[in-house]
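On a predicted model such as this, the values are computed, not experimentally measured, just so you know. Below, chain A is the first sequence line, B the second, and so on; all start at residue 1.
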2 protein chains.
Amino acid sequence: MTNSDELKNIFLFSELEDFELENILNFSRIKVYSKGEIIFFDTEPYIGFYGIIDGYVKIYKISPEGREHIIHLENSGSTFAEIPMFEKYLAKTNSTHCYPANAMSIEDNTKVIRVPESDFLSFLRENPKICMKMLCSFARRLKFLNSHIGSIILDDVTKRLLKYIVKKCECNCTDNNSVKECFECTIELDISKSDLASHLGTITETLSRSFKKLQNENIISVKGKLITIKNLTYIKKIIK
Amino acid sequence: MTNSDELKNIFLFSELEDFELENILNFSRIKVYSKGEIIFFDTEPYIGFYGIIDGYVKIYKISPEGREHIIHLENSGSTFAEIPMFEKYLAKTNSTHCYPANAMSIEDNTKVIRVPESDFLSFLRENPKICMKMLCSFARRLKFLNSHIGSIILDDVTKRLLKYIVKKCECNCTDNNSVKECFECTIELDISKSDLASHLGTITETLSRSFKKLQNENIISVKGKLITIKNLTYIKKIIK
DNA sequence: AATTGTAATTGACTTAAGTCAAAAAAGTTA
DNA sequence: TAACTTTTTTGACTTAAGTCAATTACAATT
């Protein structure tokens, strides 16, 4: 059963009162997707944004030539597809808007809530607290995109991969806000290598060669999905 | 003299009452920059976000190798450097934050207002209307970055350039919300070609070759800063 | 108009990363 | 465990776009 407690896992809703959560649940829909299922296509008319109660979702575009690019990888607690809500809000006329990209579940039992934009907008307008929450999550996403875009233009694939690994390690090495100094650190990839490639703005073959290069240079070791970074403190300095 | 009317040109402040604008003016600082002047470096401690009353500003990063990448080009009415405000808001401790990129005026007499984040945050928390404004402008920026990042990965430089030109033409061809069907359309570049190059994620030499290519294919004609697109309706279809 | 400086273009060369095709490894199902 | 599918890796080749160097065009100042 879905109850309002589950919703509190979603950052945007985490500080709401129970009665407010019940309210949101009343006008929203919960759905569970299995791995590989499409949540929406970029051709579908917009009917609300999503929150991830549990699971993993990729937001991606496909080029006319068929190449995929993952713009965002989001997991439990995140929301996505909020942007068209504000486009609709700004639009004078009652024009139709589409989802800005495709979304797919990349983990079994991915549980999401779909919140219709019109109900939520009236809620948002009366509630500065949740506005602030949303501003914070937008700010976080803007920050990510800003640095990601810079990285794609100014760094080569190997450096982008290294930055990705280091970031994952940093999350791993941080316990209740106290950063442990990690020399060696092992992480487990929670997405496929082909998803990682298209998230880093490249293709599987090139990613594979980058992994090889980092191993040859004795910076990391790879065993399946397990990646060990040898000297995190040193690596953090050189990727700056 | 700066009065509250000028502030209304800034989208974020456009719906505020005069007394609220006076209030903002009281805790903020106005400054005029000439072309090429630095507004802030990414090494400086964060002391507030900016609004452009009049002029043109580039927000950019420099790679260790010295290559520049322009993340945003903003002109009159826009705000920039809001992100660290929310990082500060979220941070429990009173940690210092830096500006996330460099900002430079790229037009003479660029007039900006700097709004200290702490004063503005308390203002924002009490004011859902301005929250909504800010959410809308964040949404607009996220949308731009999403499509820009996709374009950088999936399109070549020539296509990115063409998309840029078409977008400018569309702005030109739109008068009070009614879109004129334009067959031929001329725009004037309002930034230097080297700025355009680093905004498109490339270098001047490559941009120059892309301009040449589009001219050879008889898609555009270039006379200095004037660019004429020959068949806008057709071009819009092929760059989709 | 001459001088100087900056911005843009062109050519020759190099390289990172993409394409295509095939093999190997890993994961899944019967 | 065998058969099958999917994912990942490897090799050979191609290409878009970057680097470096030199030239040309444009703009500003005296």
Could you label the plane-to-plane angle of the A/Y164 and A/H199 rings as parallel, tilted or perpendicular, counting under 30° as parallel and over 60° as perpendicular?
->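 Aromatic pair A/Y164/A/H199 classed perpendicular.
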Pairs in or reaching into [range]: which pass salt bridge (charged side-chain N to carboxylate O under 4.0 Å, His left out), with residues at least two apart or in two chains?
| range | value |
| --- | --- |
| residues 37-47 of chain A | none |
| residues 137-151 of chain B | A/E87-B/K143, B/E82-B/R141 |
| residues 198-225 of chain B | none |

Could you tell me, to 10°, how much the axis swings from one end of the helix from C/dA1-D/dT30 to C/dA30-D/dT1 to the other, five pairs per end?
->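 Inter-axis angle at the termini of the helix from C/dA1-D/dT30 to C/dA30-D/dT1: 50°.
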More than 12 non-hydrogen atoms from neighbouring residues, nucleotides or ligands closer than 6.0 Å to CZ on B/F144, yes or no?
-> yes
Over 12 foreign heavy atoms within 6.0 Å of CZ, A/R29 | no
Acceptor/donor pairs from residues 184-193 of chain A side chains to any protein atom, 3.5 angstrom cut, sequence neighbours excluded:
{"from": "A/T186", "atom 1": "OG1", "to": "A/T228", "atom 2": "OG1", "distance (Å)": "2.9"}
{"from": "A/D190", "atom 1": "OD1", "to": "A/Y56", "atom 2": "OH", "distance (Å)": "3.4"}
{"from": "A/D190", "atom 1": "OD2", "to": "A/Y56", "atom 2": "OH", "distance (Å)": "3.1"}
{"from": "A/S192", "atom 1": "OG", "to": "A/S194", "atom 2": "OG", "distance (Å)": "3.3"}
{"from": "A/S192", "atom 1": "OG", "to": "A/D195", "atom 2": "N", "distance (Å)": "3.1"}

Report the residues that fulfil side-chain hydrogen bond (donor to acceptor under 3.5 Å, both in side chains) with [X], sequence neighbours left out, ordered by chain and then residue number.
| X | value |
| --- | --- |
| B/S28 | none |
| A/S78 | A/E74 |
| B/T206 | none |

Given protein heavy atoms under 4.0 Å, the one-letter contact record of nucleotides 24-29 of chain D, with B base, S sugar-phosphate only and - none, is simply ------
What's touching nucleotides 5-9 of chain D from the protein side, N or O pairs under 3.5 Å?
{"from": "D/dT8", "atom 1": "OP1", "to": "A/K193", "atom 2": "N", "distance (Å)": "2.9"}
{"from": "D/dT8", "atom 1": "OP2", "to": "A/S194", "atom 2": "N", "distance (Å)": "3.0"}
{"from": "D/dT9", "atom 1": "OP1", "to": "A/K193", "atom 2": "NZ", "distance (Å)": "3.0"}
{"from": "D/dT9", "atom 1": "OP2", "to": "A/S208", "atom 2": "OG", "distance (Å)": "3.1"}
{"from": "D/dT9", "atom 1": "O5'", "to": "A/S208", "atom 2": "OG", "distance (Å)": "3.0"}

Not counting sequence neighbours, which residues clear salt bridge (Lys or Arg N to Asp or Glu O under 4.0 Å) with A/K31? List them please.
-> none
So the contacted stretch of DNA chain C, first to last nucleotide with an atom under 4.0 Å from a non-hydrogen atom of chain B, runs from C/dA8 to C/dA12
4.5 Å side-chain heavy-atom contact, B/L232 and B/V166 | yes
